[in-house]
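Notes follow the structure.
All values below were derived from every heavy atom in this structure, side-chain atoms included, with hydrogens, water molecules and symmetry-related copies excluded. All ligand and atom numbering here is 1-based and tracks the order in the structure.
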Amino acid sequence: MPQSEAKLPEEVLEIATKIKNMKIRGAGRIARAVARAMIIGAESYRGNSPEEFKEYMRNIANVLSSTRPTAVSLFNALSYISRRYEKAEGGLEVIRNLVITAAKEFINYSLNAVKRIGEIGSKVLRSDDSVLTHCNSHAAIEAIVKAFKSSKRGIKVLVTETRPRFQGYITAEALLKEGIPVTLIPDSSVRYFMRDVDKVVVGADTIAANGAVINKIGTSLIALIAKEANVDFLVMAETYKFSPATLLGEYVKIEERPPQEVVPTSSNLKGVYVRNPAFDVTPPEYVTAIVTEIGIIPPQAAALIIKEYGWPIANYEHREIAVEEDEPIL
Ligand code: RUB
């Protein structure tokens, strides 16, 4: 049996499972993890046909693209890599190297982009700002930490719990480790606290061509409250978080996760339908600015970033729905 049809490397499948069950999570980390999986896949191929190798890499990319549907960073990373080897000619080693080089390039680019966003984003924060953040975004944390370390020592942060998966705990721990004063608050208390907030800083999973920001569920409510209170709403997003397909009219698929994340199976809510969307859409008019690694832009410039700086149009579609809509919990 050709290796393209054979079992894929265990380590690659493990990465896919970890993304699916959120042991690897956050749009940037997910993108770097799929790039790493492509490297592992390429290095593990034992056949000798370039065409069969391409088919095998396609199978790996399909498995990776079926893990979670919303973060476009995953699909942009895969497209960046596949664009390099799909049309390439040459022997197996040439093609294998193209995969490995492109994947390494993506990982390096991504790590540097997060650092650069940290530098640019940190300048927007003032020395005694009270910042509110939601979920767990490395780009957002990078900007806050960088600002704090560059002598803006008065910065303090309100972190939402981010139910149902409590990613806010990870953020609170990371900020505390850097010595930043952190207060953890329930998601539902955001309006109560907004009067004390100077800036909201969040990350993004996807940014659509019209500047709409898709991020952790609850983000759009926070944006609404920030708008009401006249508080700046800043999004930290690498350029590979911008979705080229939305320029061509495609909608962003919002992941719905298992109801058990919201209500434990042990509860006696038999027959109650539970919905668990993982992300929501914040319209551009609620976004003050998007901080990218190439500079700060208004959300209305999203299409320009896609066109001018563009990551290739993603070839990969998410093929699996995580959970049926309206699935009863018991
Ligand atoms: C994570 C989330 C993060 C973005 C940006 O959702 O919504 O805000 O992915 O993160 P989940 P980063 O926990 O469901 O993956 O800046 O680290 O890419």
Side-chain angles (χ1 to χ4, degrees), residues 15-35 64 67-77 106-107 109-118 120-122 131-146 157 159-175 187 200-208 212-223 233-243 252-258 261-262 276-282 287 290-293 311 318 322-323:
I15 291 176
T17 306
K18 281 186 179 162
I19 294 172
K20 206 168 187 150
N21 62 25
M22 292 175 62
K23 289 215 162 64
I24 298 174
R25 43 146 303 283
R29 281 184 68 205
I30 289 172
R32 291 190 294 275
V34 299
L64 295 168
T67 50
R68 294 188 76 189
T70 304
V72 74
S73 51
L74 185 163
F75 306 100
N76 279 341
F106 181 86
I107 293 170
Y109 185 92
S110 166
L111 293 171
N112 286 330
V114 174
K115 268 200 208 134
R116 188 78 190 116
I117 287 175
I120 300 172
S122 70
V131 176
L132 185 143
T133 191
H134 183 55
C135 195
N136 176 248
S137 155
H138 286 86
I141 291 176
E142 189 76 17
I144 296 167
V145 170
K146 190 89 189 169
V157 187
V159 179
T160 56
E161 285 185 307
T162 319
R163 285 172 183 252
R165 295 291 296 240
F166 299 102
Q167 289 94 328
Y169 288 27
I170 311 170
T171 300
E173 223 181 301
L175 294 171
D187 300 345
V200 175
V201 176
V202 294
D205 286 83
T206 292
I207 294 178
V213 173
I214 292 89
N215 191 48
K216 180 53 53 193
I217 190 78
T219 303
S220 67
L221 264 178
I222 298 173
F233 186 91
L234 303 165
V235 179
M236 306 288 145
E238 304 90 293
T239 50
Y240 54 80
K241 308 267 179 75
F242 289 69
S243 165
V252 176
K253 191 178 181 82
I254 301 291
E255 176 184 17
E256 289 227 16
R257 295 194 55 86
E261 289 185 350
V262 178
N276 183 18
F279 302 97
D280 65 18
V281 183
T282 301
V287 177
I290 302 173
V291 179
T292 77
E293 73 276 17
W311 293 80
H318 184 82
V323 65

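- Among all non-hydrogen protein atoms, the one lying nearest atom 10 (O) of ligand 1 is Ser137 CA, 3.5 Å.
- Test Glu261, Arg257, Glu256, Arg165 against Asn276 for side-chain hydrogen bond (donor to acceptor under 3.5 Å, both in side chains) and you get one pass: Glu261.
- Ligand 1 places these atoms under 4.0 Å from at least one heavy atom of Lys241: 12 (P), 16 (O), 18 (O).
- Distances below 4.0 Å separate heavy atoms of Asp205 from the following atoms of ligand 1: 2 (C), 3 (C), 4 (C), 7 (O), 9 (O).
- The closest approach between Ala278 and ligand 1 stays at or above 4.0 Å for every heavy atom of the residue.
- Results of the side-chain contact (heavy atoms from CB on, under 4.5 Å) test with Val235 over Val291, Val287, Thr292, Thr219 single out Val287 as the only residue that passes.
- Of all heavy-atom pairs spanning Gly203 and Val213, the tightest one is O-CG1, 4.3 Å.
- Ligand 1 has no atom lying under 4.0 Å from any heavy atom of Arg29.
- At a 4.0 Å cut-off, not a single heavy atom of Met236 sits close enough to ligand 1 to count as contact.
- Proximity of Cys135 to Arg25: side-chain heavy atoms (C-beta onward) are separated by under 4.5 Å at one or more points.
- Residues Arg32 and Leu111 come closest through the heavy atom pair NE-CD2, 3.5 Å.
- Nearest to atom 13 (O) of ligand 1 by heavy atom, out of Glu238, His138, Arg25, is Arg25.
- Among the atoms of Ala139, some N or O lies under 3.5 angstrom from an N or O of ligand 1.
- The shortest heavy-atom contact between Ala237 and Phe242 is O-CE1, 4.2 Å.
- In terms of polar-atom proximity, Ile30 is not counted as a contact of ligand 1, lacking any N or O under 3.5 Å from an N or O of the ligand.
- Remark: ligand 1 and Phe279 share no N or O pair separated by less than 3.5 Å (distance only, no angle test).
- The nearest heavy-atom contact from the protein to atom 5 (C) of ligand 1 is Ala204 O, 3.4 Å.
- Between Lys241 and Gly28, the shortest heavy-atom distance links the atoms CE-N, 3.8 Å.
- Closest of all the heavy-atom pairs between Glu238 and Ala139 is OE1-CB, 4.0 Å.
- Residue-to-ligand polar distances place Gly26 within reach of ligand 1: an N/O pair is separated by less than 3.5 Å.
- Heavy-atom contacts of Gln167 reach the following atoms of ligand 1: 11 (P), 13 (O), 14 (O) (cutoff under 4.0 Å).
- For atom 18 (O) of ligand 1, the closest heavy atom belonging to the protein is Gly28 N, 2.8 Å.
- Val34 has its side chain out of reach of Ile15: every pair of non-hydrogen atoms, C-beta onward, lies at least 4.5 Å apart.
- Between His134 and ligand 1, not a single N/O pair is under 3.5 Å apart.
- Heavy-atom distances between Arg165 and ligand 1 stay at or above 4.0 Å for every pair.
- The shortest distance between side-chain heavy atoms of Leu175 and Ile141 falls below 4.5 Å.
- Contacts of Ser73 with ligand 1, taken as heavy-atom pairs under 4.0 Å, are absent altogether.
- The N/O atoms of Asn215, backbone and side chain alike, include one that comes under 3.5 Å of an N/O atom in ligand 1.
- Considering Thr160, Thr133, Asn136, Thr162 as possible partners of Thr171, the one that fulfils the side-chain hydrogen bond (donor to acceptor under 3.5 Å, both in side chains) test is Asn136.
- Applying the 4.0 Å criterion to heavy atoms of Arg68 picks out, from ligand 1, the atoms 11 (P), 14 (O), 15 (O).
- Annotation: side chain of Ile254 is in contact with side chain of Ile214 (closest heavy-atom distance under 4.5 Å).
- Heavy atoms of Asn136 found under 4.0 angstrom from ligand 1 belong exclusively to the backbone.
- Using a 4.0 Å cut-off between heavy atoms, Met22 contacts ligand 1 through its side chain alone, with no backbone atom that close.
- In this model, a donor atom of one side chain and an acceptor atom of the other lie less than 3.5 Å apart for Glu293 and Tyr109.
- Distance from atom 6 (O) of ligand 1 to its nearest protein heavy atom, with residue and atom name: Lys216 CE, 3.3 Å.
- Side chains of Asp205 and Thr70: no donor on one and acceptor on the other come within 3.5 Å.
- Protein heavy atom nearest atom 9 (O) of ligand 1, with residue, atom name and distance: Ala27 N, 2.8 Å.
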